[in-house]
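Okay, so here's the structure we're looking at.
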Amino acid sequence: MFILSYSVYAIGNTQEQLAIFKLNLVDDSEPKFYFVKLLQGSHIVIYDKDGNKKQSIQPIFPDLEDDYKKNKYQLPQKYRQSFLTASGISETDNLFVYNYEYNKLYSFPISKLEVFAIKSDCLPTDEKNYQFGFGLELNQLPQDYDPNDTTFVYIGKESPFAQEQLTLLNWQKISDKEHNYLAQAHGLHYYLWTSGKSSWDPDYYPKCEGLVVKNDKNKILLDEVLTQAYSSLPLNGKDKDHEYKKQWTGKLFKNKPLVVFGFFSRMGCPVIDFIDSSFPSYDIRLRCDSRFVYYSCKLFLKMAKTNKIKRR
């Protein structure tokens with residue numbers, strides 16, 4: 001059962017937080033398509049902010065005569081409204097896809113988008129093992145569009161994105177007792193320290209351990225340290241065959257201060273921080289869930305037969 005909190009339920013303009021999603025490319029399907037995951041499982045219980053049961057919506061996925069053998073199903077119109085209610089979305093909302101690398105914004109009316117159920121794995125299953133969300137055809141975005149690293153998705157009446165070109169931080173190695181690298185943008189100084197090179201892994205690329213942002217008067221505006229809740233991300237740049245564009249800064253959202261992100265991730269989402277202590281990071285709920293899974297069962301079984309996958 002998927003437990004949906006009040007803050008996640010309110011995805012539209014009435015939300016308490018900005019809910020930011022990920023655009024997933026499902027390339028192991030014919031035809032290939034993009035998918036924005038919103039829910040896991042079809043029997044939804046909604047709780048309010050005090051933990052009281054507010055609404056029970058079940059099901060959003062019908063019992064199927066084929067015993068859920070397909071990897072993907074299009075949700076019938078009969079169950080569409082249950083999905084929208086469970087997600088806190090209206091037919092009059094829009095799905096906004098923002099590519100912050102190229103400062104491009106794409107908008108799609110929810111009323112024109114189909115809802116799909118995607119199987120989470122290849123094991124015997126029922127409706128609880130499916131992920132639910134909106135699908136986009138490949139031709140609805142530019143050719144060769146890669147959503148994996150530089151795309152955020154929002155669902156609501158209006159786009160929250162400021163559409164002011166963000167800055168990819170250019171790191172310079174420095175000699176400092178506390179910090180390893182420095183970048184400058186928007187009149188600010190971004191200092192960080194890393195875990196450094198690995199003595200036993202020559203391909204290891206430095207990853208962030210902590211970040212400090214200061215203004216031109218040397219005042220600390222942000223002090224972020226790697227915690228157990230975070231995973232560190234590699235620095236921008238090239239290292240042999242690797243190329244990274246992770247750390248960005250600038251005005252991402254309308255009517256909000258500058259942000260910086262791409263140093264740490266949480267559940268597969270790049271952690272976004274406001275460079276202003278009066279705007280806590282929990283004003284943004286990142287829902288680019290790393291638990292999005294889409295396996296090719298044929299490939300899975302083929303690998304299992306060739307002993308490339310060890311069975312427990």
Side-chain angles (χ1 to χ4, degrees), residues 17-20 22 98-101 103 148-152 160-162 164-198 201 203-239 242-290:
Q17 299 173 318
L18 279 175
I20 303 299
K22 181 177 181 180
Y98 180 52
N99 182 310
Y100 50 81
E101 179 178 4
N103 196 25
N148 292 324
D149 291 325
T150 58
T151 300
F152 289 134
F161 302 111
E164 297 183 16
Q165 181 65 61
L166 299 184
T167 300
L168 183 68
L169 289 170
N170 181 24
W171 298 109
Q172 303 296 325
K173 193 167 181 59
I174 59 174
S175 298
D176 187 283
K177 293 181 179 180
E178 297 181 354
H179 310 107
N180 303 117
Y181 291 88
L182 168 67
Q184 300 181 61
H186 305 287
L188 303 176
H189 304 272
Y190 302 75
Y191 297 92
L192 60 82
W193 63 95
T194 69
S195 52
K197 290 281 186 178
S198 170
D201 184 358
D203 293 330
Y204 181 85
Y205 203 68
K207 294 184 178 180
C208 182
E209 295 289 326
L211 166 71
V212 173
V213 181
K214 298 181 180 181
N215 62 16
D216 56 0
K217 296 181 180 179
N218 210 37
K219 179 182 178 181
I220 295 178
L221 305 179
L222 177 67
D223 190 348
E224 186 77 280
V225 180
L226 178 67
T227 68
Q228 290 185 344
Y230 294 165
S231 298
S232 58
L233 296 174
L235 303 190
N236 297 333
K238 295 182 179 180
D239 182 56
H242 303 287
E243 182 174 7
Y244 301 107
K245 294 182 179 179
K246 298 295 186 182
Q247 292 87 42
W248 297 80
T249 187
K251 190 172 180 60
L252 179 60
F253 300 111
K254 299 174 183 176
N255 305 317
K256 294 185 182 295
L258 300 178
V259 303
V260 63
F261 61 89
F263 299 85
F264 312 110
S265 67
R266 184 173 185 176
M267 297 297 293
C269 307
V271 176
I272 301 176
D273 285 302
F274 291 115
I275 309 178
D276 185 334
S277 59
S278 64
F279 281 77
S281 59
Y282 56 73
D283 281 350
I284 304 171
R285 182 171 183 89
L286 294 163
R287 298 190 61 202
C288 42
D289 197 333
S290 63

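Every value quoted in this text rests on a predicted model; they were computed, and no experiment measured them.
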Which residues share a side chain to side chain donor-acceptor pair (under 3.5 Å) with [X], sequence neighbours left out:
{"X": "Trp171", "result": "Gln247"}
{"X": "Asn215", "result": "none"}
{"X": "Asp223", "result": "none"}

When rounded to the nearest 0.5 angstrom, what is the spacing between OG1 in Thr167 and CH2 in Trp248?
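One finds 8.5 Å between OG1 of Thr167 and CH2 of Trp248.
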Atom CG of Leu211 and atom CG of Leu192: how far apart are they, to the nearest 0.5 Å?
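If we round to the nearest 0.5 Å, Leu211:CG and Leu192:CG are 6.5 Å apart.
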Check: Thr151 main-chain N/O paired with Asn99 side-chain donor or acceptor under 3.5 Å
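No, because the side chain of Asn99 does not come within donor-acceptor range (under 3.5 Å) of the backbone of Thr151.
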side-chain contact (heavy atoms from CB on, under 4.5 Å), paired with Phe261, selected from Leu233, Val271, Leu166:
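With Phe261 as partner, side-chain contact (heavy atoms from CB on, under 4.5 Å) holds for just one option, Leu166.
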Determine whether [X] and [Y] make a side-chain contact, defined as any pair of heavy atoms from C-beta on separated by less than 4.5 Å.
{"X": "Lys207", "Y": "Leu235", "result": "no"}
{"X": "Glu209", "Y": "Val225", "result": "no"}
{"X": "Ser265", "Y": "Ser231", "result": "yes"}
{"X": "Val213", "Y": "Ile220", "result": "no"}

Shortest non-hydrogen contact from Ala183 to Asn170?
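Closest heavy-atom pair between Ala183 and Asn170: CB-O, 3.4 Å.
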For residues 249-259, tabulate all N or O donor-acceptor pairs below 3.5 Å that involve a side-chain atom, not counting sequence neighbours.
from   : atom 1 : to     : atom 2 : distance (Å)
Thr249 : OG1    : Tyr190 : OH     : 2.8
Thr249 : OG1    : Val259 : O      : 2.8
Lys251 : NZ     : Lys256 : O      : 2.5
Lys254 : NZ     : Ser159 : O      : 2.9

Contacts of type ring pair (Phe, Tyr, Trp, His ring centres under 6.0 Å), residue Tyr181, not counting sequence neighbours:
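For Tyr181, no residue satisfies ring pair (Phe, Tyr, Trp, His ring centres under 6.0 Å) once neighbours in sequence are set aside.
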In terms of the angle between their ring planes, are Phe152 and Phe161 parallel, tilted or perpendicular, with boundaries placed at 30° and 60°?
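Parallel.
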Can you name the salt bridge (charged side-chain N to carboxylate O under 4.0 Å, His left out) partners of Glu101, sequence neighbours left out?
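For Glu101, the residues satisfying salt bridge (charged side-chain N to carboxylate O under 4.0 Å, His left out) (neighbours in sequence not counted) are Lys245.
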Does a donor on one side chain sit under 3.5 Å from an acceptor on the other, for Asn180 and Tyr191?
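There is no such pair between these side chains.
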